[in-house]
Amino acid sequence: MAAELTVHQLIAEHRPTLDQALEAIRTRAYWSPHPEHPKAYGEHGSLDMAAGKAAFDALLGTRLDLGQPGTDDFVGGEVSPYGIELGVEYPHADVDVLLPAMKAGQKAWRDAGAEIRAVVCLEILKRISDRTHEFAHAVMHTSGQAFMMAFQAGGPHAQDRGLEAVAYAYVEQVRTPDTAEWTKPQGKRDPLALTKQFTPVPRGIGLVIGCNTFPTWNGYPGLFASLATGNAVLVKPHPRAVLPLALTVQVARDVLSESGFDPNLVALTVERPGEGIAKTLATRPEIRIIDYTGSTAFGDWLEANARQAQVYTEKAGVNSVLVESAGDYKGMLANLAFSLSLYSGQMCTTPQNLLIPRDGIRTDEGPKTFDEVVADLARSVDGLLGDDARANALLGAIVNPDVKARLEAAAALGEVALASREIANPEFPGAVVRTPVVVKLDGAKPDDEAAYMSECFGPVSFAVAVDSASDAVELLRRTIREKGAMTVGAYTTDEDVEQAVQEVCLEEAAQLSLNLVGGVYVNQTAAFSDFHGSGGNPAANAALCDGAFVANRFRVVEVRREA
């Protein structure tokens, strides 16, 4: 009885938020129930800044025992990009025991219906939101994001993406009515009459393979899309970014249990060093859905080999910004400088290639040569990052040695227009902090093409000289088609060029931002309004979030009876 009362309480508390989310995805207008400002927390049970930091500190050096069946070991080893050993241990699972236990709770979860599943998911998100400050430190010390970015992107923005997925999942499930009375006239004979029942049924167990850079932001859409559509979810975090997703699983298990459902509907599994369990899990017959963010190589492997599962991948791409002319030259430079610098370029949406006509561009400050544009951009980045304290707040820390190696190797690829420099972080002396490098390349040289047509993940950008605006447009098309792009940017005051770029992005299915000069950047997207990726080019086979992202996580089964 208590569990039933809890469910009714959840509907009363969270149905208004669900309705607002449904309206937001319909209108695509700005909306978020999760505050972006750190000072907004500390009331109504949420942790303020000091309490969140204390909660994070209390986790260090502990064992996070989730009470899961099949736990055969505990594994740790995370080291913060800021130089701190986290020392947290997590359960390692015997999946032959864990997976059957996860399936056991699916019938009751399926039978609960779309609304109850949605409000349970919203309660999970509410409890995570109350601990946003704690989660922010967990994201910061696993991803290397600076605190404010970890707070916003790893907190409210990630929670928004999770809620967005729940809203889309609800819409798709209630598109078909629960029941229908079907009557077919037969002339003089009695009509044929059937009662039909329609039930959304889950595919099976969903597997979320987490990423190092945005564990919650990239992890929550798949987790909540699968859970809201009736599936159990197994979370396999990146070995260097376990803590934020482990805390998420802990919260989810608590809410499921308190709501009268099997907590094993959400479970965590971590890997021993070098174990590589993602491939083993991905091909298990019980795994019917996979959400993955990471390298193209493993994403391609999943799509080719996990044939029993519906696979959603976000892989690598080569993001380009075409610079043909500028109506606000200073605004363009400032916007691009921020886009290149944010989180040390360690975002799947960061621009890599700046396609600029070699004869220069027109601006509101008069004509600018190719060299002047690149030099002015370098000065803009230097100005933005000239103060070390501000630089640390924007750049964060280099997430892993591979990014540092790519950054250091980039200087040999061409003429360096902006050299990367090392910045000390007084609070975290062990942090590896580097400013971006900008390298000039020639779009007509085959040797240079090998560089700019490959993803160089991290704070590395190439200023690519092209013969004309039309050549830039065609290079943009080829880059999207062959390598994929999560984002495309363009600066132009020419209507024909704008139309040509837009047509390329429509034909090649790439999300386009035009002439951004204010506080919105090409590498940022807003839940409920912007689509992250399109699912239509090689960078990703799905978009966050649209109907296609959720609709194939369940099927509708019909039962017919004589009326």
Side-chain angles (χ1 to χ4, degrees), residues 10 13-14 17-18 20-21 24 30-60 64 78 80 82 84 86 88 119-167 208 210-211 213-221 223-224 227 235 237 241-255 266 268 342-343 347 393 396 524-528 544:
L10 292 177
E13 180 175 354
H14 296 300
T17 303
L18 177 61
Q20 287 180 287
Y30 171 76
W31 176 73
S32 172
H34 303 115
E36 286 185 309
H37 200 285
K39 292 183 179 178
Y41 296 80
E43 297 181 355
H44 310 296
S46 64
L47 301 180
D48 63 14
M49 190 175 296
K53 177 64 163 61
F56 169 75
D57 289 341
L59 290 168
L60 302 181
L64 202 67
E78 285 165 295
S80 166
Y82 291 95
I84 298 170
L86 302 188
V88 183
V119 296
V120 171
C121 287
L122 265 60
E123 175 66 15
I124 296 169
L125 286 164
K126 168 65 167 59
R127 295 196 192 182
I128 292 170
S129 177
D130 287 344
R131 295 168 62 179
T132 292
H133 275 286
E134 178 186 358
F135 272 73
H137 287 284
V139 171
M140 173 184 177
H141 285 290
T142 51
S143 70
Q145 295 173 32
F147 176 77
M148 186 53 73
M149 184 175 185
F151 178 88
Q152 292 184 337
H157 296 172
Q159 295 153 22
D160 283 349
R161 283 295 184 190
L163 175 53
E164 178 187 49
V166 173
V208 175
C211 71
T213 47
F214 289 89
T216 55
W217 198 99
N218 278 110
Y220 284 5
L223 192 165
F224 284 100
L227 191 61
V235 179
V242 180
L243 183 56
L245 290 177
L247 294 176
T248 301
V249 170
Q250 184 182 53
V251 172
R253 291 175 64 83
D254 288 345
V255 170
V266 179
L268 179 82
L342 184 63
Y343 184 33
M347 304 172 69
Q524 297 174 316
T525 59
F528 309 107
L544 304 178

Nearest heavy-atom neighbours spanning [X] and [Y]:
| X | Y | answer |
| --- | --- | --- |
| Gly162 | Leu125 | C-CD1, 3.9 Å |
| Ala241 | Cys211 | CB-O, 3.9 Å |
| Gln524 | Leu342 | NE2-CD2, 4.1 Å |
| Ala21 | Phe528 | CB-CE2, 4.1 Å |
| Val208 | Gly219 | CG1-O, 4.0 Å |

Side-chain touch [X]/[Y], heavy atoms, less than 4.5 angstrom:
| X | Y | value |
| --- | --- | --- |
| Phe56 | Leu243 | yes |
| Phe224 | Leu163 | no |
| Leu247 | Leu59 | yes |
| Gln159 | Thr132 | yes |
| Phe214 | Gln145 | yes |
| Thr248 | Tyr220 | yes |

N/O donor-acceptor pairs under 3.5 Å from side chains in residues 47-55, not counting sequence neighbours:
unit_1: Asp48; atom_1: OD1; unit_2: Ala50; atom_2: N; d: 3.3
unit_1: Asp48; atom_1: OD1; unit_2: Ala51; atom_2: N; d: 2.8
unit_1: Lys53; atom_1: NZ; unit_2: Asp57; atom_2: OD1; d: 3.0
unit_1: Lys53; atom_1: NZ; unit_2: Asp57; atom_2: OD2; d: 2.8

- Item | Val166: which of Thr17, Leu227, Leu122 passes side-chain contact (heavy atoms from CB on, under 4.5 Å) | Leu122

- Aromatic centroids of Tyr82 and Phe147 separated by under 6.0 Å: no

- ring pair (Phe, Tyr, Trp, His ring centres under 6.0 Å) partners for Phe135, two or more places apart: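 None.
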
For [X], give me all partners under side-chain hydrogen bond (donor to acceptor under 3.5 Å, both in side chains), at least two apart in sequence or on another chain.
| X | answer |
| --- | --- |
| His133 | none |
| Ser46 | none |
| Thr213 | none |

- Item | Selection residues 140-158 - residue pairs positive for salt bridge (Lys or Arg N to Asp or Glu O under 4.0 Å), sequence neighbours left out | none

- Message: Per the salt bridge (Lys or Arg N to Asp or Glu O under 4.0 Å) rule, what does the pair list look like for residues 131-146, sequence neighbours excluded?
- Response: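 For residues 131-146: Arg131-Glu134.
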
Taking side chain to side chain contact (heavy atoms under 4.5 Å, CB included) as the definition, give me every residue that meets it alongside [X], ordered by chain and number, with sequence neighbours left out.
| X | value |
| --- | --- |
| Ser32 | Tyr30, His34, Asp160 |
| Pro244 | Ala138, Val139, Thr142, Pro215, Thr216 |
| Val255 | Val120, Glu123, Ile124, Arg127, Val251, Ser259 |
| Gln152 | Glu36, Met148, His157 |

- Would you say Tyr343's side chain and Ala150's backbone share a donor-acceptor pair under 3.5 angstrom?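 No: the side chain of Tyr343 does not pair with the backbone of Ala150.
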
- Message: Could you work out, with salt bridge (charged side-chain N to carboxylate O under 4.0 Å, His left out) as the rule, every residue matching Glu164, not counting sequence neighbours?
- Response: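 For Glu164 the salt bridge (charged side-chain N to carboxylate O under 4.0 Å, His left out) partners, ignoring immediate neighbours, are Arg161.
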
- Can you tell me how far the NE2 atom of His141 sits from the CD1 atom of Ile84, to the nearest 0.5 Å?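 It comes to 4.0 Å.
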
